Peer 1: 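My questions all concern the structure below.
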Amino acid sequence: MMGGMDEPISIPIRDDGPRPEASGSKDPTTSVADRLAERIVEAVVLGASMLIAAIDDGDEEVHDLAAAGAGFVIEGARALGTVMGAIEQSVAGRAEVASRAPVLGELLAHWRATWERAEEADAPTPDERFRGAVDAILDRLDLTEIVRTRVDIQRVAGDLDLNELVADLDVESLVEKVDIEAVAAKIDVNAIAQRLDLEAFLARVDMVKIATELIEQLDLAQLIREASRDTASDGVRTVRLRGVDADRAIRRAVDRVLGRDDHSEHA
Amino acid sequence: MTARGVRFDTVPAEARAFHGQPAGIATRIVANVVDLALAGLLVAGVYLGVAGVLFLRQGAAFRFPVVSYPQAYAAGVLTLIAYFTICWSAGGRTYGDQLLGLRVRTVDDLDLSIARALVRAVLCVAFPLLLLWVAVDARFRSVQDLVVRTHVVYDWGGRRTDVRSNDPVGVGVDVAPPVADEADDGDAEPLPGLDREG
């Protein structure tokens with residue numbers, strides 16, 4: 001490639017007088033357009049160098065064409081930078097003047113305040129930061145184990161006023177939600193009955209007292225007196241049964257004679 | 001929990017089928033005949049008692065007191081009225097009723113007052129044949145019953161007591177033994193003897 005020359009070719013470009021120091025200059029006074037033009041020139045120079053270095057056939061015409069093309073592009077970029085710089089300077093001045101106008105200025109101030117508020121809203125508040133920190137701490141702790149090992153549950157439970165807790169409970173609504181039938185269906189009464197210590201239970205029950213109260217409430221003595229007072233002998237019972245039979249026989253006969261329904265009043 | 005009644009039934013098992021139902025003409029006539037005989041025995045007893053007192057006082061000069069028919073009739077009537085009144089107002093039944101298993105009650109199923117029992121006794125003694133209306137009356141009531149608003153029911157003793165209880169099962173208790181092969185259901189049932197005849 002061009003006699004083994006490796007260093008980049010110096011490309012003649014338009015002399016614009018005293019140029020800014022270097023392409024990487026950080027002069028704050030340099031306009032945006034100038035900096036953009038410099039970046040474009042650097043990119044074109046670098047691209048052209050790489051293109052030329054990549055061509056190995058030694059054709060100098062191609063080299064010259066590429067260099068010329070790059071020169072045109074660079075020159076065009078410089079011209080564009082100049083034009084844009086002029087535009088920037090003219091527009092910036094006008095925009096600054098316009099922002100001083102009451103209406104437009106207020107509008108810009110409103111936009112700026114809105115933008116700042118939006119940024120503030122997105123930022124986590126101190127409370128949110130605190131909560132996040134607490135969550136992170138709690139995630140690392142086994143609270144159940146801590147409570148189990150370090151808290152005296154019995155003592156805490158001893159201080160609880162269960163009556164006050166239960167007083168606010170709507171027991172009726174709770175009971176309504178319970179399917180008693182389903183619960184009862186699952187209860188194995190026989191199994192429960194087998195576990196019952198009936199003898200111990202009965203030993204604690206004052207059967208005599210219960211029996212006495214029952215006898216008094218039912219007036220059992222009167223019942224026994226009534227059951228035994230009119231006890232009739234077999235002969236009397238036979239006479240009575242025969243009398244009832246005779247009554248009904250006569251009634252049937254009379255009903256038949258009178259054409260009435262049989263035993264209509266007896267039923 | 002719904003309170004249910006526990007029934008104590010001390011009515012004899014044989015009579016449960018017709019307990020409380022109005023009695024017919026046959027048993028009532030037999031009961032009245034028994035009562036009439038008993039009243040006659042009472043009158044005779046009083047006569048013999050008076051004669052005994054006279055015998056003790058007169059000694060060898062004793063003669064049985066002569067009683068005219070109207071006197072005897074009046075004595076019998078008064079005795080019968082008194083007997084009926086006392087028995088019906090006291091327990092609702094005379095000895096004849098007791099023998100036949102009957103009881104006199106008001107139509108409201110109450111015990112008879114003395115006044116009602118007296119009126120009924122007078123009517124029964126004065127017009128005994130009005131009892132025959134029982135045979136044709138639809139509700140087995142005699143004319144006397146219609147007048148004083150009473151009726152005669154089968155009652156072999158005992159009673160049915162419904163005791164309110166919180167027992168959810170509602171177990172009934174039979175004090176008297178039940179009828180063989182059939183529990184008492186409180187309904188009217190045909191009598192065994194009647195079935196044989198029918």
Side-chain angles (χ1 to χ4, degrees), chain A residues 172 175-176 180-181 184 187 189-190 193 205 207 210-267, chain B residues 6 8-15 17-18 21-31 34 91 93 96 98-103 132 134-141 152 154-161 163-165 173-177 187-198:
Chain A
E172 289 188 0
V175 171
E176 286 176 357
I180 299 292
E181 294 293 335
I187 297 176
V189 179
N190 291 327
V205 177
M207 298 296 285
I210 293 175
T212 306
E213 290 179 357
L214 272 177
I215 290 170
E216 288 179 358
Q217 289 184 8
L218 299 178
D219 199 2
L220 197 58
Q222 178 65 21
L223 284 172
I224 293 172
R225 277 196 297 272
E226 289 176 356
S228 58
R229 181 179 57 194
D230 298 318
T231 302
S233 66
D234 290 340
V236 172
R237 281 203 290 271
T238 302
V239 169
R240 289 174 174 176
L241 281 176
R242 291 297 175 193
V244 175
D245 288 346
D247 285 343
R248 297 193 169 181
I250 293 171
R251 171 52 55 142
R252 278 203 303 272
V254 172
D255 288 342
R256 204 175 299 123
V257 170
L258 298 178
R260 288 196 300 217
D261 292 336
D262 194 18
H263 293 272
S264 57
E265 297 296 329
H266 248 259
Chain B
V6 180
F8 286 85
D9 197 343
T10 55
V11 176
E14 304 97 313
F18 49 84
Q21 291 183 0
I25 184 70
T27 49
R28 292 179 65 170
I29 287 177
V30 173
V34 171
R93 63 167 105 206
Q98 169 78 27
L99 193 65
L100 272 297
L102 307 177
R103 192 186 296 274
L132 297 176
V134 173
V136 296
D137 184 73
R139 297 183 179 181
F140 296 82
R141 294 163 73 180
V152 179
Y154 295 118
D155 187 344
W156 288 25
R159 65 181 169 122
R160 287 166 177 159
T161 307
V163 180
R164 290 184 67 79
S165 163
V173 179
D174 274 335
V175 177
D187 295 330
E189 296 166 6
L191 292 170
L194 200 60
D195 288 339
R196 283 195 302 273
E197 291 176 7

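In what follows, every chain begins at residue 1, and chains take the letters A, B, ... in the order their sequences are listed. Just so it is clear, the structure is predicted and the values come from calculations on it, not from any experiment.
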Peer 1: Measuring from atom OG1 of T27(B) to atom CG of L241(A), what distance do you get when rounded to the nearest 0.5 angstrom?
Peer 2: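 Those atoms lie 12.0 Å apart.
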
Peer 1: Where is the tightest heavy-atom contact between A26(B) and I250(A), given as atom of each residue plus distance?
Peer 2: CB-CD1, 3.7 Å

Peer 1: For W156(B) and V236(A), what are the C-alpha separation, side-chain angles and deciding distance, and is it a side-chain contact (heavy atoms from CB on, under 4.5 Å)?
Peer 2: CA-CA 10 Å; W156(B) 288 25; V236(A) 172; over 6 Å; no

Peer 1: Give, for atom CG of L100(B) and atom CG of D247(A), the distance between the pair rounded to the nearest 0.5 Å.
Peer 2: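 Interatomic distance, L100(B) CG to D247(A) CG, rounded to 0.5 Å: 8.5 Å.
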
Peer 1: Excluding sequence neighbours, so at least two apart, what forms side chain to side chain contact (heavy atoms under 4.5 Å, CB included) with V136(B)?
Peer 2: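 Only V254(A), L258(A), W133(B) meet the side chain to side chain contact (heavy atoms under 4.5 Å, CB included) criterion with V136(B).
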
Peer 1: With sequence neighbours excluded, tell me which residues meet side chain to side chain donor-acceptor pair (under 3.5 Å) with D234(A).
Peer 2: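 So D234(A) forms a side chain to side chain donor-acceptor pair (under 3.5 Å) with R237(A).
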
Peer 1: Report yes if some heavy atom in the side chain of F140(B) is under 4.5 Å from a heavy atom in the side chain of R251(A); otherwise report no.
Peer 2: yes

Peer 1: For residues R240(A) and Q98(B), report the shortest heavy-atom separation together with the two atoms involved.
Peer 2: NH2-O, 2.5 Å

